[in-house]
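Step one of this worksheet: look at the structure below.
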Amino acid sequence: MDYMIRFMQIHESFRQPETEALATLAGIPLEWVFYSHDSPFAIVRFPSTTDPATAARTLITRSILASAIYELWGTGLDYPSLHQDVRQRSAPYWPLHSQHSFRFEIDSFQGSHTSSQHTAIIESFAYMAFSGPIRMKNPSAQFVVFEDFLLDAPLPHQLHLGRLVASGNRKATLNKYTLKKRRYIATTSMDSELALVTANLALAAPGKLAYDPFMGTGSFPLACAHFGAGVFGSDLDGRSVRGKGGRDVRSNFTQYATSPLYLGGFVADLTNTPLRSSRCLDAIVCDPPYGVREGLKVLGSHKPELQAEVFLEDGRLAHLAETYLPPKKAYSFLRMLGDVLEFGTGALVEGGRLCMWMPVAGATAEEEPKGVGGKERRGGGGEGGQEGGAGKEEEYAIPHHPALELVSECTQHFNKWSRRLLTYRRLANSCIDENEMLAYQAARLILQGENGVGTADDLNSFRRKYFRGFLDPSMPRQHEKLPHTY
Amino acid sequence: MKLLTLNFLTCARKTCKSTAAAFPLHPKDAELEQIEIDMNPLFVKNMLPRLEWEAMKTLTQELGLPALPAETPAPEELTTEDGEASQVLKDLHVLLMETSVASGKLVCGNCGHEYAVKEGIANFLLPSHMV
Ligand SMILES: [Zn+2]
């Protein structure tokens, strides 16, 4: 039997990755029969599963972007073809439900009916001959006719009939975690819905350990702890960890009754992390600070001491030295993302996941647009393409690391900008391309070298050439993305 | 910060990280706090192989806590024959999950730098000349 997932028609590019992550977590083989970003109805199959109903139930329990899962009793382009398919697919199951209480409803996406049309549609299924009582509350079988309309279309272009297997906990979970009711938040707190989706993509679960190196008010650790993972976090800004007047990260865990899972927070900089070099994390979840919003204190141009002239150890002015790299915020931001990937490689267990948010586009030229703050300067939004847009923004390449496989790439759109959630999986050491790893490390060393060579642009072009020589043609996915860590 | 977390932390200085003397950090004037919480056997079981046991032993010794077994307990030592939580698990739970450093300092055995802990939050930021 096939199953139908009822998705929410939001955050479309996150929906399949979330469902796939939940399938991976539960060890459920999952096959997509139909999926479209334009529809809230997707059809899946659980091949070689002895108990697909349990698989379906498991899959939906934790889902944030899907509300329920149904047995697919029929599908068609119009009502005659739907009825024909229902007879073909589900006739053997009718007797199982013929004596039980039941209920029929219609779920129309971008469409509606008068109540007489509604009744007529439901009565058109009378041939299934259910003689049990109709019960609106908690019937033993719930049937839903799904209608998929294109916007403003007079008739649906796709119809399904489903029998409810299980509903998820989306509503209750979002209601519990909404920022409106959270004790301690900041302007940078990740909205709870996407924080929970991120925790699903990170495979957060009981018995696992997750870490957020840019914890802020704790949005991601809270979401991971909701799914049972042990969590800890750190932030460069001590004030955000400590909070004020009893409102702090800890108080958020207390609010959600997950404080036993909170292992603690500390103040630290990822580039000088106090975590010992050991592969002890199951997940890293983070939204590295970007732009004016948080102030990139980790980076040169924002350090007050660098506002003044900087002297090298031998007494020369730093910016007069041949090797001087002017502080560049965007450049540094991408370098920080590279640091996150490198950190993840060293800290994640095999199969462990790194979930990292980043803006789709940003300033990459030397000069930052001046006098514009916050989100405005991220202009030039829109999917993928980023056709120039405002100022000198351009689309960032997706960071890559030879030890990390990109599992999914999801995009959230705002009016004037977009951001991505990238999910990586730590490969087994035996699966890492050795040459690629050597090249990567060499490039990093050069970039980090205390007597750095040339300008950032020189380094970038060096890397481009260097990496191209090591490309493995059997890895087209990575081929497309290289080179682009910094 | 729970004692479990401490086992994952060392000196933040790059020059110290690779040295054996920098780990574990040594508590100084540490004020401990114990908060009773429900047992999480699966989590403790999963964390055990990730712990540096020698460092755990050093820490408990320096804090004047009851001595730990010589070796990392094996997973089967965590439950009794009838599937209940063993004394080993109960002790580990108290030590790793219920006990935390509320305040004091964490000292690097290599460079001597002291990281302050206040209200359970350790500060690992380095002064710029040490970065
Ligand atoms: Zn040190």
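A, B, ... follow the sequence lines: proteins, then strands. Residue 1 opens every chain.
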Selection from [options] maximising heavy-atom pairs under 4.5 Å formed with chain A:
| options | result |
| --- | --- |
| Ile37(B), Leu51(B), Leu9(B) | Leu9(B) |
| Lys2(B), Lys14(B), Glu119(B) | Lys2(B) |
| Ala12(B), Ala22(B), Cys11(B) | Ala12(B) |
| Lys45(B), Arg13(B), Met47(B) | Met47(B) |
| Leu42(B), Leu4(B), Thr10(B) | Thr10(B) |
| Leu25(B), Asp38(B), Leu125(B), Leu96(B) | Leu125(B) |

Could you look at [X] and say if it's the side chain, the backbone, both or neither that has a heavy atom under 4.5 Å from chain B?
| X | answer |
| --- | --- |
| Leu261(A) | side chain |
| Val249(A) | neither |
| Asp282(A) | both |

**Q.** Donor-acceptor contact present, side-chain Arg279(A) to main-chain Ala347(A), <3.5 Å
**A.** no

Q.
I'd like to know if the side chain of Lys90(B) reaches the main chain of Leu78(B), judged simply by a donor and an acceptor atom lying under 3.5 Å from each other, with no hydrogens or angles considered.
A. no

(Q) Counting only non-hydrogen atoms closer than 4.5 Å, does Asn40(B) touch chain A with its backbone (N, CA, C, O), its side chain (CB onward), both, or neither? (A) side chain

**Q.** Heavy-atom proximity to chain A below 4.5 Å, by part of Ile121(B)
**A.** both

Q: Indicate yes or no: does Asp237(A) engage Arg239(A) in a salt bridge with an N to O separation below 4.0 Å.
A: yes

Q) Just checking heavy atoms, which of residues 217-235 of chain A are less than 4.5 Å from chain B? A) Gly230(A), Phe232(A)

Q.
Checking an interface table here. Which of residues 199-215 of chain A come within a heavy-atom distance under 4.5 Å of chain B?
A.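 Near chain B, by residue number: Pro206(A), Gly207(A), Lys208(A), Leu209(A).
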
Q: Take the angle between the ring planes of Tyr262(A) and Phe253(A) and call it parallel below 30°, perpendicular above 60°, tilted in between.
A: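 Correct class here is parallel.
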
